[in-house]
Every structure is written in C-alpha cells, then in structure tokens.
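The figures that follow rest on heavy atoms only: side chains count, while hydrogens, waters and symmetry mates do not.
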Amino acid sequence: MLLFVILYLLLTFAFMYFNYNDMFTLRTCFKTICSLMFVIAPFLITKDNKKIRQTKYFKTMLVGLIFAFIGDVLLDLDKTLGILFVLGMLFFALTHVMYSLSFKQHVKFNKTTLISFLVLIIPTAYIINFSNLIDCGDLIVVINIYAVIISLMLGLAVTVYKKKELNKNFKTRNLLGVMLFAVSDLILLFSIFGNTPKILLPINNLIYYVAQLIICYSFYKTKHTYK
C-alpha cells in the first residue's frame with residue numbers, strides 16, 4: 001500500500017506540473033489516472049478485511065468516489081464554463097451527497113450538525129453573493145446550491161467526529177479529508193471566478209488529491225466502526 005501511495009503522490013505532482021503549464025493532453029491523462037486511483041484505493045486498503053466491502057458505508061462512499069472521478073473528467077474537459085462545467089459540479093454535488101449518506105449511517109441530524117452547517121454556509125454565502133472577491137455570473141445559483149450541499153456534508157462530518165462511540169482514527173480521517181476537500185473547492189472557486197495567482201491551481205490539485213486519499217483511508221483498520 002505504501003508503494004501505491006508514493007505512486008499516487010508522484011502522479012499527482014506530475015498532474016500539478018502539467019496543469020500549471022496548461023499542457024492539455026498530458027494534464028487530462030494524468031488527472032484521469034490520479035482520479036481513477038482514488039477509486040481503486042478503497043479496495044487495496046480493505047484487501048485484508050473484505051467484509052468491509054459489504055457494508056453500506058463502503059458502498060455509499062465508493063459511489064461518491066466514482067462520482068468524483070466523473071466530475072474530475074468533466075471539469076477537465078470543460079473550457080468555457082458551459083454544460084460540462086455544470087455537469088461536473090453536479091457530479092461533485094452527488095459526491096458530497098453520497099458522503100453525507102455515509103456519515104448519516106452513524107449519526108442523526110442534531111444541534112452540532114445545524115451549528116456546523118450555519119458556521120460554514122453563512123460566510124460562504126456572503127463570499128459568493130455579496131463580496132467583491134468573486135463573480136459567479138450566470139452560475140451563481142448552481143454555486144449556491146453546491147455550497148449548501150458541501151456545508152451540510154461538513155456539518156455531518158463534524159457530528160460524526162463528536163460521537164464518542166466511534167473509532168477515533170475513523171472520525172479524524174473523515175473530518176480531515178472532507179475539510180481539505182472543502183478547502184480545495186474554495187480555492188477552485190476563487191481560481192475560476194476570482195482574480196488569483198496561477199500558483200493556486202497546483203496547490204488546489206495537491207489538497208484535493210490528498211483529501212480523497214485521506215477519505216479512502218477511513219476504511220483502514222477500523223472495521224468495527226462500519227454499518
């Protein structure tokens with residue numbers, strides 16, 4: 001598994017380079033490979049405990065990872081913020097929905113979920129709708145819906161983390177992974193709709209792929225956690 005992680009990171013750095021230098025063909029190839037690898041990762045991580053693969057948690061998280069893979073490909077092919085961009089956002093929104101359903105198997109909506117959601121969505125909504133930092137144009141409704149979905153997912157991840165009965169490693173990896181995912185989305189928001197340095201693109205790439213790998217590692221040696 002260590003060799004897989006090393007290869008995954010090396011390919012990620014290669015993709016970062018090609019993306020920064022706008023080398024479309026190589027960028028697309030390496031991004032597709034990296035995204036496919038985080039779909040494969042859960043199977044490698046659970047090879048010594050295949051029973052985990054039969055749990056609802058594994059299945060819903062896996063579907064989420066597959067949706068993320070599709071979203072990655074669509075966003076990479078988009079060049080005009082057109083239909084491919086909207087479809088890519090849709091699949092990423094579905095990714096967060098599937099992650100939320102996975103977390104929902106372990107916790108219920110409660111005050112922690114609501115407070116965490118509000119803490120996240122209020123400043124995000126302000127940035128999207130009222131600040132001068134970004135201009136989402138005709139896509140503002142799509143971006144707002146996406147912000148609500150990801151804020152709810154993060155709220156559920158915080159709720160999972162607060163549940164004492166759950167495995168600490170399981171909770172920490174999930175929360176860290178989805179937090180990095182959200183940071184990646186925020187950077188991407190500024191990169192696409194704001195006036196930001198080009199260096200943010202490779203930084204966003206690294207954060208995103210590390211986030212997905214950490215989420216995949218929520219399966220690692222925490223078999224008693226799953227439902």
Under a 4.5 Å side-chain heavy-atom rule over Ile, Leu, Val, Met, Phe, Trp and Tyr, are Leu84 and Leu201 clustered together? no
Are Leu206 and Ile6 linked, directly or through other ILVMFWY residues, by side chains that come within less than 4.5 angstrom of each other? no
When the ring planes of Phe38 and Tyr209 are compared, do they come out parallel, tilted or perpendicular, using 30° and 60° as the limits? tilted
Side-chain donor or acceptor of Thr60 paired with backbone N/O of Tyr57 under 3.5 Å: yes
Check for a donor-acceptor pair, side chain of Ser184 on one end and backbone N or O of Ile207 on the other, with a separation under 3.5 Å. no
Is the positively charged end of Lys31 above the ring of Phe15, judged by distance under 6.0 angstrom from the centroid and angle within 45° of the axis? no
Using the ring of each side chain (for Trp, its six-membered ring), is Tyr146 parallel, tilted or perpendicular to His96, with breaks at 30° and 60°? perpendicular
Would you call Lys50 and Arg53 a side-chain contact if the rule is heavy atoms closer than 4.5 Å? yes
Would you indicate whether Phe193, at its atom CZ, is surrounded by more than 12 heavy atoms from other residues, nucleotides or ligands within a distance under 6.0 Å? yes
If hydrophobic clusters are built by linking Ile, Leu, Val, Met, Phe, Trp and Tyr wherever their side-chain heavy atoms come under 4.5 Å apart, do Leu44 and Val39 end up in the same one? yes
Within the distance-only criterion (no hydrogens, no angle test), does the side chain of Lys171 pair as donor or acceptor with the backbone N or O of Lys163 below 3.5 angstrom? yes
So Phe109 and Leu114, do their side chains get closer than 4.5 Å, heavy atoms only? no
For Ala68 and Gln212, which heavy atoms make the closest approach, and how far apart are they? CB-NE2, 3.3 Å
Of all heavy-atom pairs between Met89 and Leu75, which one has the smallest distance, and what is that distance? N-CD2, 4.3 Å
Judged by atom type as modelled, is there a donor-acceptor pair below 3.5 Å linking the side chain of Arg27 to the main-chain atoms of Phe18? no
Heavy-atom side-chain contact between Val97 and Phe67 under 4.5 Å: no
Give, for atom CD1 of Ile203 and atom CG of Leu188, the distance between the pair rounded to the nearest 0.5 Å. 13.0 Å
With a 4.5 Å cut-off on side-chain heavy atoms, are Met23 and Leu26 touching? yes
Over all heavy atoms of both residues, which pair between Asp76 and Phe24 is shortest? Give the atoms and the distance, please. O-CE1, 3.7 Å
Of all heavy-atom pairs between Ile45 and Cys216, which one has the smallest distance, and what is that distance? CD1-O, 3.4 Å
Heavy-atom check, side chain of Met61 versus side chain of Asn174, under 4.5 Å: yes
Are any non-hydrogen side-chain atoms of Ile214 and Leu180 less than 4.5 angstrom apart? yes
Mind checking whether Tyr161 and Thr172 have side chains closer than 4.5 Å, heavy atoms only? yes
Would you say NZ of Lys168 has more than 12 non-hydrogen atoms from neighbouring residues, nucleotides or ligands within 6.0 angstrom? no
Using modelled atom types only, decide if a donor and an acceptor are shared between the side chain of Ser151 and the backbone of Val148 within a distance under 3.5 Å. no
Is there a side-chain contact between Tyr99 and Leu65 (heavy atoms, below 4.5 Å)? yes
Between Ile128 and Ile134 the two heavy atoms that sit nearest each other are CA-CD1, 3.8 Å
Hey, would you say the Phe58 and Phe43 ring centroids sit under 6.0 Å apart? yes
What distance do Lys108 atom NZ and Thr159 atom OG1 have between them, rounded to the nearest 0.5 Å? 13.0 Å
Where the side chain of Asn167 meets the backbone of Asn169, is there a donor-acceptor pair that is under 3.5 Å apart? yes
Say you draw a straight line from CG of Leu186 to CZ of Phe181; how long is it, rounded to the nearest 0.5 Å? 13.0 Å
Show your reasoning for whether side chain to side chain contact (heavy atoms under 4.5 Å, CB included) applies to Leu175 and Val160. CA-CA 8 Å; Leu175 182 58; Val160 168; over 6 Å; no
Say you draw a straight line from CD1 of Ile143 to CD1 of Ile192; how long is it, rounded to the nearest 0.5 Å? 7.5 Å
Nearest-0.5 Å distance, CG of residue Leu189 to CG of residue Leu133: 9.5 Å
Distance (rounded to the nearest 0.5 Å) between Ile40 CD1 and Ile33 CD1: 10.0 Å
Residue pairs passing the side chain to side chain donor-acceptor pair (under 3.5 Å) test with at least one member in residues 115-139, sequence neighbours excluded, are Asn129-Asn144
Out of curiosity, does Leu3 fall in the hydrophobic cluster containing Leu7 (side-chain heavy atoms, cut-off under 4.5 Å, transitive links)? no
Salt bridge (charged side-chain N to carboxylate O under 4.0 Å, His left out) partners of Asp185, counting only residues at least two apart: none
Side chain to side chain contact (heavy atoms under 4.5 Å, CB included) partner of Cys34, chosen from Asp72, Asn205, Thr12: Thr12
Considering all heavy atoms, the nearest Met16-Pro202 contact: CE-O, 3.3 Å
Do Phe92 and Leu77 land in one hydrophobic cluster if side-chain heavy atoms of ILVMFWY residues count as linked below 4.5 Å? yes
